[in-house]
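The structure under discussion appears below in the form of structure tokens.
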Amino acid sequence: MEYDFRAVEKKWQQYWKEHKTFKTENTSSKPKYYVLDMFPYPSGAGLHVGHPLGYIASDIFARYKRLKGFNVLHPMGYDSFGLPAEQYAIQTGQHPEITTKTNIERYREQLDKIGFSFDWDREVRTSNPNYYKWTQWIFIQLFNSWYNPETNKAENIERLIERFRNGSISFGEGRGEASWDLLSEKEQSDILLNYRLAFLSDTMVNWCPQLGTVLANEEVKDGVSERGGYPVERKLMKQWSMRITAYADRLLNDLDGIDWTESIKEAQRNWIGKSEGTSLKFQISNSKFQIEVFTTRPDTIFGVSFVTLAPEHELVSVVTTAENKKAVEEYVTTSKNRSERERQADVKKITGVFTGSYVEHPFTGKQIPIWVGDYVLAGYGTGAVMAVPMHDTRDFAFANHFGIPKHMVIQPPVDWDFAINSYDEKLGKLINSDFLNGLEVKDAIKKAIAMIEEKGIGKGKTNFRLRDAIFGRQRYWGEPIPVYYKHLSTTLSTGEGDVIPCVVDEKDLPLLLPEVDKYLPTETGEPPLARAKDWKYKGRYEYECSTMPGWAGSSWYFLRYMDAHNDKTFVSKEAVDYWQNVDLYIGGAEHATGHLLYVRFWTKFLNDLGLIPAIEPAKKLINQGMIQGVSSFVYRIGNTNQYVSHGLRKDYETTPLHVDVNIVNNNVLDTEAFMNWRAENKSAEFILENGKYICGSEVEKMSKSKWNVVSPDDIVQQHGADCLRLYEMFLGPLELSKPWNTNGISGVSNFIRKLWRLFHVGDNLNVSDTPATKPELKALHKTIKKIIFDIENFSFNTSVSNFMICVNELTELKCNKREILEPLAIIIAPYAPHIAEELWNQLGHTDSITYATFPECKEEYLIESSFNYPVSFNGKTRFFQEYDLSLSKEDIEKEVLTLEQTQKYLEGKTPKKIIVVHNKIVNIVV
RNA sequence: GCGGAUGUGGCGUAAUUGGCAGCCGCGCCAGACUUAGGAUCUGGUGCCGUGAGGCGUGGGGGUUCGAGUCCCUUCAUCCGCACCA
């Protein structure tokens with residue numbers, strides 16, 4: 001009988017569960033190793049074959065490390081707050097908690113079937129109050145902290161207040177020498193909000209009316225929401241934000257110390273967008289005001305021919321003269337009404353308007369016109385730029401469009417046609433630039449900054465593209481922000497009471513998510529939490545009604561796994577001192593500027609507070625590729641119920657329609673199944689080619705709506721979990737994206753059966769205790785060596801081929817020696833744990849193979865005494881000749897020349913040169 | 001526009017890091033066996049050519065005795081960022 005994978009896999013999954021085989025302790029004499037997967041959001045669609053790809057790789061690595069004698073932490077959990085469950089709740093009235101629970105159970109079932117070695121006792125769910133209690137606790141620490149630029153660390157806000165009191169830090173302009181304690185509570189609160197790491201402020205947000213919430217920058221793609229693709233507009237709102245910008249420099253610099261893919265690091269560098277330059281103030285002619293600009297090119301100061309303000313700039317109205325008022329106001333209004341999307345869509349379209357005013361050039365005193373243009377972004381730098389058309393592409397285009405003069409101040413070291421392009425390179429010598437003349441750009445930048453600073457009109461400055469992260473979401477299914485609003489004594493002037501935000505007391509955590517009647521905003525546009533009845537802090541104070549964003553819970557979950565049940569603290573000192581941080585983190589590259597940046601931010605913050613020892617969450621990060629789906633299409637003719645085969649569709653007017661890939665085999669449609677697939681297909685007619693209906697196909701994202709989802713459950717049911725694991729690895733390098741194709745799976749399936757047959761004759765184990773032969777030992781140890789190399793280089797696809805080679809060789813050798821087969825079972829165990837356990841058990845072991853010892857490669861079995869040299873002429877291999885490895889280069893050279901074959905290829909000529917590379921090649925140059 | 005990645009048979013891929021290109025599979029071809037199965041086994045399979053042989057790692061050029069691998073250049077595809085001064 002054949003290997004019964006269904007029985008065996010069920011048996012061992014049961015065994016692991018009962019024996020808690022993968023339970024991990026926080027103390028051990030073994031070295032620690034932490035392998036983490038990005039936890040999933042449990043969606044209603046369940047897992048498809050793409051999801052487990054990374055989990056399989058990490059599981060192999062975790063199991064390998066256990067065999068290598070490490071104490072391995074390999075947990076799993078769920079990122080269970082989020083939009084889809086809430087959208088579903090809005091549609092059906094079903095509480096998101098119930099949906100979430102159902103989805104998690106389904107995920108768990110699917111995961112269990114694949115045989116992962118997770119320690120489920122450490123499971124976390126971000127929507128669980130025991131978990132989000134600590135997410136809220138961390139929020140409170142952020143609220144109570146400020147970033148001290150001198151120590152470059154977050155500190156308790158009390159330290160800042162002390163410094164306000166003793167005057168070592170001034171708490172604001174225009175308040176004179178007033179002492180801190182004389183300020184009202186409201187004034188103090190407002191000032192502190194400018195420093196707190198979690199703070200409330202009026203911010204331009206990405207507001208999505210359809211979703212009824214604000215979105216973070218990385219949740220907006222091309223002006224529409226990432227989820228759902230709804231339009232997003234800019235809106236000024238009072239919002240909770242995280243001062244991630246305080247950490248910009250550290251987030252950038254510390255990238256050098258971590259082993260992450262270059263693409264992720266580069267994406268983060270771009271996102272942080274550090275740019276060094278200088279601020280510079282221009283005096284507005286006949287005015288008390290100045291315009292401050294930021295530039296990275298102070299060297300081009302003598303090339304300035306205009307100054308441009310963003311339409312939102314506060315000085316626009318000030319500098320606009322009466323005769324230009326109408327035009328400017330019109331322009332500003334149009335610009336503001338254009339959505340972010342529209343602005344981005346036509347970047348090429350140059351628009352702007354002259355204000356009628358001028359600034360004075362700081363060095364020449366010349367009059368420089370002030371323009372307004374929406375190519376200048378209000379949110380970056382100072383919202384104003386000094387325009388140098390000859391040396392900046394955008395200024396060049398603007399100047400050309402409006403016929404503004406251009407001044408050349410850098411002599412390019414190459415031929416340059418200034419009629420076509422500006423010269424933006426930081427290379428060349430300065431000309432027409434007074435004290436900068438003759439300097440190289442690099443030196444000119446330094447000199448210009450020095451002169452600007454000396455004149456007191458600006459100073460060297462670093463700008464970041466990174467924005468503070470908006471933290472509040474006007475949604476229901478998220479962590480309540482643990483903030484309440486305290487009413488202060490009524491002020492006489494307004495008759496209204498001042499209100500200040502305060503964090504709830506730590507002992508009152510968790511602040512539970514209240515029940516609401518509907519998951520929609522209120523009639524007045526308040527978030528759903530405003531519907532909660534009698535929901536007040538201490539029965540008196542209104543709570544904050546927005547909830548945390550999806551990334552809050554995932555910004556520290558790697559810590560909670562270390563100590564998942566602690567109800568005294570978010571993670572105990574002992575646990576975090578032992579586990580430190582993640583050694584290997586596997587997940588998708590789509591989180592490059594979202595999760596992966598926030599988790600680094602929170603890690604650094606918690607480290608600043610001395611709560612955790614690590615400054616980075618993960619030492620090594622691997623991004624698994626995406627598994628795409630292959631969609632199948634049928635072609636419906638017009639509005640009929642007739643479908644035409646792919647090859648003949650050109651003759652008709654057709655509409656391509658997605659068809660369930662499960663009723664298509666090798667592009668051939670099962671027409672009967674199609675007719676039964678949906679009621680409206682019952683009477684479908686087909687125009688066939690060669691008696692078959694051929695479907696079209698396309699590679700797309702795997703998704704329910706495209707009918708191209710392949711479920712791991714089906715693969716496990718048909719071929720087994722070990723087969724799925726091996727096949728997913730066999731597909732190709734982990735990092736590569738590829739479309740799923742089940743066709744090749746039979747090769748892996750055959751391999752598993754072949755492996756089984758190596759140990760069995762009929763139904764019986766047939767393993768001999770006689771010593772192994774040299775070729776058998778060689779086959780084994782060669783494989784051990786390769787597998788170690790492969791795993792440590794995360795080259796899981798080549799390991800699978802190497803196992804196949806090994807089993808093929810041993811089958812050829814008719815090897816059934818315990819001395820060979822027992823180590824073979826161990827090295828294959830991380831990949832195919834079920835069959836490995838079964839074989840191990842049949843070999844007479846009573847314990848799990850999980851904690852066996854990974855065999856060592858003994859080089860002595862690999863030593864060869866001779867080598868079959870390829871002999872080539874002018875680099876072209878012509879024949880082979882075996883020589884003993886003890887032979888010297890000279891000996892081989894002599895030997896080769898005596899060969900009849902050599903003489904044949906020499907055709908009577910004398911070789912110019914003979915190259916002999918030991919153990920590699922012989923090359924004869926003629 | 002900037003940045004990152006990828007490009008090898010009909011397909012997925014491999015190549016000890018400069019040394020026999022195509023390992024391991026899928027598919028395909030031929031054969032064996034047969035209780036005719038989508039089973040198992042054996043052999044073959046880069047392309048052109050009956051053959052000797054020639055050509056072959058997106059294209060072009062270079063370094064080298066020797067290049068998929070190194071250098072220059074160019075093209076294509078995918079991903080990220082994108083008026084960031």
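Residue numbering restarts at 1 for every chain, and letters A, B, ... go by the order of the sequence lines. Just so it is clear, the model here is predicted, and its values are computed rather than measured.
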Rounding to an integer number of angstrom, what distance separates [N] and [M] when you compare their [atom1] atoms?
{"N": "G44(B)", "M": "G38(B)", "atom1": "P", "answer": "26 Å"}
{"N": "C71(B)", "M": "U63(B)", "atom1": "C1'", "answer": "7 Å"}
{"N": "U34(B)", "M": "C24(B)", "atom1": "P", "answer": "30 Å"}
{"N": "G58(B)", "M": "G25(B)", "atom1": "C1'", "answer": "25 Å"}
{"N": "C83(B)", "M": "U73(B)", "atom1": "C1'", "answer": "30 Å"}

Side chain of [X] only, heavy atoms from C-beta on: which candidate in [options] is closest?
{"X": "V376(A)", "options": "G54(B), C24(B), A85(B)", "value": "A85(B)"}
{"X": "D392(A)", "options": "C55(B), A85(B), G3(B)", "value": "A85(B)"}
{"X": "F880(A)", "options": "C24(B), C20(B), C26(B)", "value": "C20(B)"}
{"X": "K876(A)", "options": "C55(B), C65(B), C24(B)", "value": "C55(B)"}
{"X": "V925(A)", "options": "C65(B), C24(B), A85(B)", "value": "C65(B)"}
{"X": "N270(A)", "options": "G80(B), G4(B), C83(B)", "value": "G80(B)"}
{"X": "T877(A)", "options": "C81(B), A21(B), A85(B)", "value": "A21(B)"}
{"X": "S263(A)", "options": "C83(B), G12(B), G4(B)", "value": "G4(B)"}
{"X": "R465(A)", "options": "A82(B), C20(B), G12(B)", "value": "A82(B)"}
{"X": "V917(A)", "options": "G19(B), C24(B), A85(B)", "value": "G19(B)"}

Kindly label the base of [N] as syn or anti, based on whether its glycosidic torsion lies within 90° of 0.
{"N": "U17(B)", "result": "syn"}
{"N": "G12(B)", "result": "anti"}
{"N": "G46(B)", "result": "anti"}

For [N], the Watson-Crick or wobble counterpart (both distances under 3.5 Å):
{"N": "U34(B)", "answer": "none"}
{"N": "U64(B)", "answer": "none"}
{"N": "G9(B)", "answer": "none"}
{"N": "C47(B)", "answer": "G54(B)"}
{"N": "G22(B)", "answer": "none"}

* RNA chain B: 5'-proximal contact among T798(A) and I924(A) (nearest heavy atom) -> T798(A)
* Pick the nucleotide of RNA chain B nearest each of F464(A) and F789(A); which residue has the one closer to the 5' end? -> F789(A)
Does atom [atom1] ([X]) have a neighbourhood of more than 12 heavy atoms from anything else shown, all under 6.0 Å?
{"X": "E672(A)", "atom1": "CD", "result": "no"}
{"X": "K785(A)", "atom1": "NZ", "result": "no"}
{"X": "E812(A)", "atom1": "CD", "result": "no"}
{"X": "Q903(A)", "atom1": "CD", "result": "yes"}

* Over 60° means perpendicular and under 30° means parallel, so classify the ring planes of W551(A) and Y598(A), tilted if in between. => parallel
* Asked: Ion pair present between D256(A) and R269(A), side-chain N to carboxylate O less than 4.0 angstrom?
  -> yes
* Asked: With distance as the sole criterion, do the side chain of N923(A) and the base of C65(B) form a donor-acceptor contact below 3.5 Å?
  -> yes
